[in-house]
Amino acid sequence: MTKSSFYVWNGVIPWLEFRTYQDSQFTSGAAFMTNVPDNFRISTTADAFVHWKPDATATRRLFFENSNGDTFYKDVTSLSGEWIVGASCGAGNLGTLTLVSGSAPLVQSDTDWYDVTLVDGSNVAVSSSIRFYIDRTCNIEDFEILFMDRLGSWMPFSFQLNAFESGTITKSEYNQDNQGSASGTDWTYETTDRGMKVLTVDVSKQFTLNTNWMTLEMNQYFEELLTSPETYIKIDDVYQACIIKETSFETVRQRGKKLIRKTIKVELANRDSING
């Protein structure tokens, strides 16, 4: 038996929700393919990439509106309704925007938030919106982790409080024969002769990172960062592949709890080899 015209995307539906799942909930007339909560806080340098399922080849744009009342749009690729489309929408990777009304740029010194919506060629909304709040708190550190969430979009988490860097050294050693040499009628060894020899040295770097205070919704979404198989840490504006080392987590559900902060350990996915 042969099957054709079937498509998959790298997304995971929770066990209970999968019983009633229909792909129509992710067409461009419904919602973006992400679980990011509304009012998600990002820094002015954060990158984000949102995905959606287009409905045929109709003209689509990403429409932006900020708290100042300024509006913009960005043209996106039009593909058939069987493909997944994505575009950048973070404050740090907006790309080229076309001003519709007001003044540029989208994120100004007094901008509190901006909304992202999928629209048609006349800027009429065809999807629900995502609101990003601009986090302007004083940073002690500037670490950010970009991760693939469970519906396939890429979102950032900022780690702005104290961070600590440490390293683990792995050495491969063996005990070689120290043959020595003749000195007159005596057989002796030089003090610099080596018995134990280091074959290889690898250095693995770990970071202990602390978030700033999060909302209840962000705390619940934080679980998707901890469990994501694809994570990248931005250090000095350069992304490096990393692995989240946490093996357990606690999800806060208390509505009245305002002060939620998380600490995680991250290890770079590639080790530095040392000359031998």
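Everything numeric here is computed off the predicted structure, so don't read it as measured data. All residue numbers refer to positions in the sequence shown, counting from 1.
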ask   = Which residues satisfy the ring-ring contact (aromatic ring centres under 6.0 Å, His included) test with Phe159, sequence neighbours excluded?
value = none
ask   = Atom CZ in Arg131, atom CG in Asn66: separation rounded to 0.5 Å?
value = 10.5 Å
ask   = Which residues pass the salt bridge (Lys or Arg N to Asp or Glu O under 4.0 Å) test with Asp47, sequence neighbours left out?
value = Lys234
task = Could you list the residues that satisfy salt bridge (Lys or Arg N to Asp or Glu O under 4.0 Å) with Asp75, not counting sequence neighbours?
result = Arg61
message = Are the side chains of Thr34 and Val50 in contact, using a 4.5 Å heavy-atom criterion?
response = yes
request  = With sequence neighbours left out, write down each residue that passes side chain to side chain contact (heavy atoms under 4.5 Å, CB included) with Ile243, or none if nothing qualifies.
outcome  = Lys245, Ala269
query = Do Leu106 and Leu97 have side-chain heavy atoms sitting under 4.5 Å apart?
reply = yes
ask   = salt bridge (Lys or Arg N to Asp or Glu O under 4.0 Å): which pairs involve residues 168-187, sequence neighbours left out?
value = none
task = Answer with yes or no whether the side chains of Ser181 and Gln179 bring together a donor and an acceptor at under 3.5 Å.
result = no
request  = Evaluate the side-chain proximity of Ser127 to Phe32: yes if any heavy-atom separation is below 4.5 Å, no if none is.
outcome  = yes
Gap separating the OG atom of Ser153 from the CZ atom of Phe147, nearest 0.5 angstrom = 10.0 Å
ask   = What pairs with Asp142 under side chain to side chain contact (heavy atoms under 4.5 Å, CB included), at least two apart in sequence or on another chain?
value = Asn139
query = Less than 6.0 Å separating the ring centroids of Tyr221 and Phe40?
reply = yes
key: Spacing of CE belonging to Met218 relative to OG belonging to Ser158, to within rounding of 0.5 Å   = 7.5 Å
request  = Could you list the residues that satisfy side chain to side chain donor-acceptor pair (under 3.5 Å) with Asn270, not counting sequence neighbours?
outcome  = none
ask   = Does Arg261 have any side chain to side chain donor-acceptor pair (under 3.5 Å) partners at least two apart in sequence or in another chain, and if so, which?
value = Asn210
ask   = Looking at CD of Glu246 and OG of Ser248, how far apart are the two atoms once the value is rounded to the nearest 0.5 Å?
value = 7.0 Å
ask   = Is there a donor-acceptor contact under 3.5 Å from the side chain of Arg150 to the main chain of Thr227?
value = no
inquiry  = Suppose clustering is done on Ile, Leu, Val, Met, Phe, Trp and Tyr with side-chain heavy atoms closer than 4.5 Å. Which residues sit in the same group as Val12?
reply    = none
ask   = How long is the span from the CZ atom in Phe222 to the NZ atom in Lys262, to the nearest 0.5 Å?
value = 7.0 Å
Side-chain hydrophobic cluster, 4.5 Å single linkage: members besides Phe49 = Leu146, Met148, Trp154, Tyr232, Tyr239
message = Can you confirm whether Glu217 sits close enough to Asn39 that some side-chain heavy atom of one is under 4.5 Å from a side-chain heavy atom of the other?
response = no
inquiry  = Is there a side-chain contact between Ile260 and Leu216 in this structure, where contact means two heavy atoms from C-beta onward sitting under 4.5 Å apart?
reply    = yes
ask   = Can you name the closest pair of heavy atoms from Gln240 and Ile235 and give their distance?
value = NE2-CD1, 3.9 Å
ask   = For Asn212, which residues count as a side chain to side chain contact (heavy atoms under 4.5 Å, CB included) partner, sequence neighbours excluded?
value = Thr137, Gln160, Leu161
task = Could you pull out the closest heavy-atom pair between Arg60 and Val76, with the gap in Å?
result = O-CG2, 3.2 Å
task = Check whether any side-chain N or O of Gln206 sits under 3.5 Å from a backbone N or O of Phe164 as a donor-acceptor pair, and report yes or no.
result = no
key: Residues in side chain to side chain contact (heavy atoms under 4.5 Å, CB included) contact with Glu141, at least two apart in sequence or another chain   = Phe143, Ala163
key: From Asp202 atom CG to Thr170 atom OG1, the distance as rounded to the nearest 0.5 Å   = 6.0 Å
key: Sub-6.0 Å ring centroid separation between Phe132 and Tyr114   = yes
ask   = Which atoms form the tightest heavy-atom contact between Ser43 and Ala91, and what is the distance?
value = O-CB, 3.6 Å
